[in-house]
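For the numbers below, each heavy atom of this structure counts, side chains included, while hydrogens, waters and symmetry mates do not. Just follow the structure's listing: the first ligand is 1, and inside any ligand the first atom is 1.
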Amino acid sequence: MTHLHRTRTRTRTGAAAALVALVVLAGGCTGATGGVRGTPGAAGLRDPYFPKLGNGGYDVGHYALSLAYDPDTGRLDGTAEITARATQDLSAFNLDLSGLTVGGASVDGVPAAYNRAGGELTLRPREEIRKGAEFRATVTYAGVPEPLVDADGSEEGWLRDDDDGGGVVAVGEPAGSTTWFPGNHHPSDKAAYDIALTVPAGTDAFANGVGTERRTEEDGRVTTVWHTSEPMASYLATVAIGRYETGTATALGTVPVLTAAEPEVAAESAALRAEIPAVLARQVRRFGPYPFSAAGAVVTEDGTLGYALETQTRPVFPASSFDRTTLVHELAHQWFGNSVTPATWRDLWLNEGFATYAEWLYAEEYGDVPARTAFERAFREKANWAFPPAAPPAAGNLFDPPVYQRGAMVLHKLRETVGDETFDEILRGWPEERRHANATTADFTAYAEETAGEDLDDLWDVWLYGDEKPDAP
Ligand code: ARG
Ligand code: ZN
C-alpha cells in the first residue's frame with residue numbers, strides 16, 4: 001500500500017536501475033516484446049534482524065485470503081489473492097511462506113511458474129510485469145501449519161488448541177504470519193485485507209476488522225468474511241477459530257466493538273471486555289483520534305498462546321494476561337505500532353516503549369501512581385539495562401525488558417526535558433504525523449526535536465542509544 005512516508009528500506013531504485021543497466025548491456029537486444037528487460041525482485045528487505053522477511057520489487061495493496069480450516073485434522077486449505085503494484089520491471093518476484101504445500105500460482109489469471117526454497121516462494125509470470133503496473137498474484141496452498149519457535153523461545157503462527165477441539169489462534173509477530181499465508185511479510189509493506197474463513201457449522205471464526213458477510217456453503221460449512229480497510233502489517237493479522245461467546249458494543253460514537261471469549265473464560269472476562277469503549281475514550285484524549293474502524297478483543301483459555309498480542313482492531317489475550325494494564329497496553333498499540341508501524345524490527349521500541357508508557361500514563365491519571373514512580377521503579381531494575389532500547393543485540397532480544405521499560409523511560413525523560421505541554425503535543429502529534437504509515441527511530445527523534453524546537457541529542461545519547469546506566473534517574 002502506498003503511503004505518504006516511504007521508508008528507506010523500500011526505496012532501492014538505485015540498485016535496481018544499476019542491475020537493469022547491466023542486464024541491458026550484457027544482453028544487448030531486450031527480447032520480442034521490446035522495452036526494458038525486467039529483473040527478479042529482491043528475496044528480502046534486509047531487515048537488520050530478519051534479512052529475508054519481505055521482498056523487493058512490489059508493494060501490496062490488498063490481500064484477499066480464503067481459508068478453509070478443518071479442526072479435526074488441522075488441515076488448512078488456502079487461496080491468497082494478492083493485489084500489488086510493481087516498483088521495478090519484474091521478471092519474477094518472491095512471496096514469504098513457511099511450510100505448507102503450494103498447489104498452483106497465477107499472475108493476472110495466467111498460470112505462473114513457481115519455485116520454493118526455504119521461506120521463499122518465487123513466482124515467475126509468463127509475461128514480465130512493468131514498473132508501475134498493478135498485478136494480481138494468486139496462490140493456492142494447503143497443509144497443516146507448523147508454528148514457528150522464535151529466537152526467544154516463544155511460539156507464534158497458526159497455534160492449535162489440541163485440548164479444545166482443534167481450535168486455532170493465529171498470531172504473527174514478528175514472522176508467524178508466514179506460516180498461514182504467502183505475502184510480503186515485512187512491516188514496511190502494509191495493505192488492506194479481506195479474510196474469508198470457512199469452518200464446520202457450529203464452530204465460530206473471527207479475524208481482524210469488520211464482519212461483512214456470513215454464508216452457508218452447499219456442504220453445510222459456514223463462511224464469514226472479515227474486512228480490514230486501513231493498512232495493516234502482516235504481523236498484525238489474526239484468526240481465531242473455535243467455540244466463542246461474543247459481546248458487542250459501540251465505542252467513540254461510531255466504532256463497532258466485537259469481543260470473543262472462549263466459553264470457559266467468557267464470564268470472568270466479561271466485565272473487562274465491556275470496559276473497552278471507556279479505555280479507548282480515555283486514550284483518544286491523550287493520543288488523538290482512534291485510527292481504525294473496528295475494535296474488540298479475543299480472549300482464550302491459557303495454553304494455546306503464551307502472551308497477548310495487539311493484532312489490529314482485535315488484540316488477543318490468553319485469559320491470565322487479560323487484566324486492565326495489559327488491555328491498556330494492547331489498545332495503545334493500535335496507535336503506536338498498528339497505525340504508526342516500525343520501518344524495521346530494530347525500531348520496535350516505537351511500539352513497546354510507547355505502549356508501556358501508555359500503561360504508566362493510565363496509572364498516573366486513573367490510578368494515582370505518578371509516571372515518575374513507575375520510571376524510578378524501572379530505573380532500579382537491573383534487567384532493563386541489558387542494552388539500549390533502540391539497539392537490541394539480536395532477534396532473540398527484541399521483546400526483552402529494555403525495549404519495553406527503557407523505551408518507556410526514554411519517553412518519560414523526554415517529557416521531563418520538554419515539559420508536559422510539549423510532551424502532550426508530541427504524544428498526540430506523532431500518531432497524526434505518521435498515521436497508517438511507517439517510521440524509524442530517527443523519524444521520531446527528528447519529530448520530537450522539531451515539535452520541542454530544541455536539539456535533544458544529549459537525551460537520545462544517554463537514554464535511547466547509551467550502553468551505560470546513568471548515575472541518577
Ligand atoms: N507485542 C506483544 C506485546 O504487546 C508481545 C509479543 C511477544 N512476541 C514474541 N515473539 N515474544 O507486548
Ligand atoms: Zn506490546
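Aromatic ring orientation, Phe399 versus Tyr404: tilted (interplanar angle from 30° to 60°). A tilted orientation is assigned to the rings of Trp463 and Phe375, their planes being inclined by 30° to 60°. Ring orientation note: the planes of His333 and His329 are nearly perpendicular, at an angle over 60° on the 30°/60° scale. Ring geometry, Trp430 versus Tyr447: the interplanar angle falls from 30° to 60°, so the pair is classed tilted. Ring geometry for Trp180 versus Trp158: interplanar angle of 30 to 60°, hence tilted.
When each atom of ligand 1 is checked for a heavy atom of His333 under 4.0 Å away, the hits are 4 (O). For ligand 1, the atoms closer than 4.0 angstrom to any heavy atom of Leu309 are 1 (N), 2 (C), 6 (C). Near Glu310, meaning under 4.0 Å from one of its heavy atoms, ligand 1 places the atoms 1 (N), 2 (C), 3 (C), 4 (O). Those atoms of ligand 1 that come under 4.0 Å of a heavy atom in Asp150, given as number and element, are 9 (C), 10 (N).
Protein heavy atom closest to atom 1 (N) of ligand 1, with residue, atom name and distance, is Glu173 OE1, 2.6 Å. Scanning all protein heavy atoms for the shortest distance to atom 11 (N) of ligand 1 gives Asp152 OD2, 2.8 Å.
Among Arg435, Arg428, Glu432, the single residue meeting the side chain to side chain contact (heavy atoms under 4.5 Å, CB included) criterion with Pro289 is Arg435.
Looking at Ala308 against ligand 1, only its backbone comes within 4.0 Å, counting heavy atoms. Using a 4.0 Å cut-off between heavy atoms, His329 contacts ligand 1 through its side chain alone, with no backbone atom that close. At a heavy-atom cutoff of 4.0 Å, ligand 1 is contacted by no atom of Leu398, backbone or side chain.
Ligand 1 lies within reach of Glu330, whose nearest heavy atom is under 4.0 Å from it.
Side chains of Gln405 and Thr356 form a contact here, defined as non-hydrogen atoms less than 4.5 Å apart.
Side-chain atoms of Tyr357 and Arg415 form a donor-acceptor pair, as typed in the model, at a separation below 3.5 Å.
For Tyr465, there are no ring-ring contact (aromatic ring centres under 6.0 Å, His included) partners at least two apart in sequence or on another chain.
Take the Zn ion (ligand 2) as the corner point: the lines to NE2 of His333 and to NE2 of His329 open at 100°, to the nearest 10 degrees.
Residue-to-ligand polar distances place Tyr404 within reach of ligand 1: an N/O pair is separated by less than 3.5 Å.
The Zn ion (ligand 2) has an N, O or S atom of Glu352 inside 2.8 Å of it.
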